[in-house]
**Q** 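Submitted below is the structure of interest, expressed as structure tokens.
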Amino acid sequence: MGDAGEIRLQIAGIVLRTRGEEADIDTSPATAVPPPISKRLQWWALVLVNIVFVLAGQSVATLLGRIYYDQGGGSLWMATLVQSCGTPIAIPLLLYFGRRRPKSSRAARPPLLKIAAIYAGLGILLAGDNLMYSYALLYLPLSTYSLICATQLSFNAVFSYFINKEKFTALILNSVVLLTFSAALVGVNNGSDGTNSTVPAGKFAAGFALTLSASAVFSLILSLNQLTFDKVLKSDTFYDVMEMQFWSNTAAALVSVAGLFIYGEWSTLGREMHGYKKGAVSYGMTLAWTAISWQLTTMGMMGLVAAVSSLFSNVISTVGMPLSPVIAVIFLKDKMDGVKVLAMLIGLWGFASYIYQHFLDDAKIKKILAESSADDDEHQTVKLATE
């Protein structure tokens, strides 16, 4: 939500933004009317599709990432590359929506060099973040990794406060504290890491620190994405979302390819493929579907950043937190003891706290719009009566 600098309020699928004294939407009594039902339904449909992409893609991608290591994969730069190399999937959508853009929006865009520098910077940050996630997933069981990743919401709340001017209410603060406490429980109880996964011994501390660092950097990237939409592009159409996602991920993929060659891992890929426990075909399919899953996840998160906010996007990502530990227990035979269950429940409590804050904000703004609409009707009635 916002303050005098910037207010972002979600009202039944329509985002209202005010910046300083200028407003994108006139909320005076004469014009503050609820949006058409069709537009609200379109918005909700778009948001729901993005939510499905995030939840399904994230769960599948992390599971496949852990399977890659368990079945004999060992290239950290390859594990990093597949997190961003799925961008060709977005090309048809990028071309389609690019042709449908109004000419006025094309003329109003910032200089190409400025946009290219921003996308390149985001891509380099993303490549470093992906590498930290690759190390973290190698060093930790999937269930532990997923629980620590829930701290993304805490970091994003802080970055959103300083970068995007989001309001830090008591409920949001409560959410941050609970999620931090949830991660701390996992951190001090590293003895609960029973798993059938091939996790290196003595690497828990490094895995814990890398997961926290990666979560912080990823939250920073989401806040910078939102800042770019609001202050640089000054637009958050589907084309803008796809363009940012495409070029930043392409830059990240190029950095990953460079790392693959600089560190010499490219020369071991042939042996790694033939030594893969499930066979060469399974090796290729694991990497391909991991790339596709991460691409869908990224598209969904970017869509939610543009449609709502970076904080909301991270909240939806955190919803998937309980899914990965359950999947890890079922497919990877991870140990799920009482401490992890408690950490998961505390994390869900923190998530619910944040969602309740959104519910209160929505209810408040709906009431204001309803009162404004009623005042407008009364004004029109009095005007007709005097005529």
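As the structure is a prediction and not an experimental result, all values here were calculated from the model. The first residue of the sequence shown is numbered 1, and numbering continues consecutively from there. Any value given below was found using the heavy atoms of this structure, including those in side chains, with hydrogens, waters and symmetry copies removed.
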**Q** Looking at Lys278 and Asp70, does any basic side-chain N land under 4.0 Å from a carboxylate oxygen?
**A**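 Looking at Lys278 and Asp70, the cut-off is not met.
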
**Q** Taking C-beta and beyond as the side chain, do Leu140 and Lys203 meet within less than 4.5 Å on heavy atoms?
**A**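 Of all side-chain heavy-atom pairs linking Lys203 with Leu140, none is under 4.5 Å.
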
**Q** With a 3.5 Å cut-off and no angle check, do the side chains of Gln152 and Ser219 form a donor-acceptor pair?
**A**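 On atom types as modelled, these side chains do not qualify, holding no pair under 3.5 Å.
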
**Q** Sequence neighbours excluded, which residues qualify as ring-ring contact (aromatic ring centres under 6.0 Å, His included) partners of Trp266?
**A**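 So Trp266 forms a ring-ring contact (aromatic ring centres under 6.0 Å, His included) with Phe261.
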
**Q** Distance check, rounded to the nearest 0.5 Å: Leu178 atom CG versus Ile346 atom CD1?
**A**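 Leu178 atom CG to Ile346 atom CD1 measures 7.0 Å (nearest 0.5 Å).
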
**Q** What residues, two or more places apart in sequence or in another chain, satisfy side-chain contact (heavy atoms from CB on, under 4.5 Å) together with Tyr161?
**A**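 Residues passing side-chain contact (heavy atoms from CB on, under 4.5 Å) with Tyr161: Phe168.
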
**Q** Can you find a pair of side-chain heavy atoms, one from Ile163 and one from Leu220, that are under 4.5 Å apart?
**A**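 Sidechains of Leu220 and Ile163: in contact.
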
**Q** Is Thr286 close to Gln71 at the side-chain level, that is, under 4.5 Å between some pair of heavy atoms?
**A**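 No, every pair of side-chain atoms sits at 4.5 Å or beyond.
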
**Q** Side chains of Gln58 and Thr297: donor-acceptor distance under 3.5 Å anywhere?
**A**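 There is no such pair (donor and acceptor under 3.5 Å, judged by atom type) between the side chains of Gln58 and Thr297.
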
**Q** Excluding sequence neighbours, so at least two apart, what forms ring-ring contact (aromatic ring centres under 6.0 Å, His included) with Tyr356?
**A**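 Result, ring-ring contact (aromatic ring centres under 6.0 Å, His included) vs Tyr356: none returned.
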
**Q** Holding to side-chain contact (heavy atoms from CB on, under 4.5 Å), I want the full list of residues that pass it with Ile292, two or more places apart in sequence or in another chain.
**A**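 Per chain and number, Ile292 pairs via side-chain contact (heavy atoms from CB on, under 4.5 Å) with Ile89, Trp289, Leu296.
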
**Q** Does one side chain, of Gln295 or Gln83, offer a donor that lies under 3.5 Å from an acceptor on the other?
**A**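 On atom types as modelled, these side chains do not qualify, holding no pair under 3.5 Å.
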
**Q** Using side-chain heavy atoms (C-beta onward) and a distance below 4.5 Å, is Tyr69 in contact with Ser134?
**A**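 In contact.
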
**Q** Does atom CG of Leu48 have more than 12 heavy-atom neighbours, drawn from other residues, nucleotides or ligands, at distances under 6.0 Å?
**A**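 Yes, CG of Leu48 has more than 12 neighbouring heavy atoms, counting only those of other groups under 6.0 Å.
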
**Q** Evaluate Tyr68 against Glu272 for side-chain hydrogen bond (donor to acceptor under 3.5 Å, both in side chains), listing each step before the verdict.
**A** CA-CA 11 Å; Tyr68 168 73; Glu272 181 178 285; 2.5 Å; yes

**Q** Output the rest of the hydrophobic cluster of Ile124: all Ile, Leu, Val, Met, Phe, Trp and Tyr residues reachable through side-chain heavy-atom contacts under 4.5 Å, sorted by chain and number.
**A**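 Members besides Ile124, by chain and number: Val255.
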
**Q** Quick one: ring-ring contact (aromatic ring centres under 6.0 Å, His included) partners of Tyr283, sequence neighbours excluded?
**A**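 Partners of Tyr283 by the ring-ring contact (aromatic ring centres under 6.0 Å, His included) criterion, ordered by chain and then number, come out as Tyr276.
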
**Q** Taking C-beta and beyond as the side chain, do Cys149 and Tyr133 meet within less than 4.5 Å on heavy atoms?
**A**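 Cys149 reaches Tyr133 side chain to side chain.
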
**Q** Report the residue from Asp129, Thr250, Thr298, Asn130 that forms a side-chain contact (heavy atoms from CB on, under 4.5 Å) with Ser84.
**A**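 Among the candidates, only Asn130 passes.
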
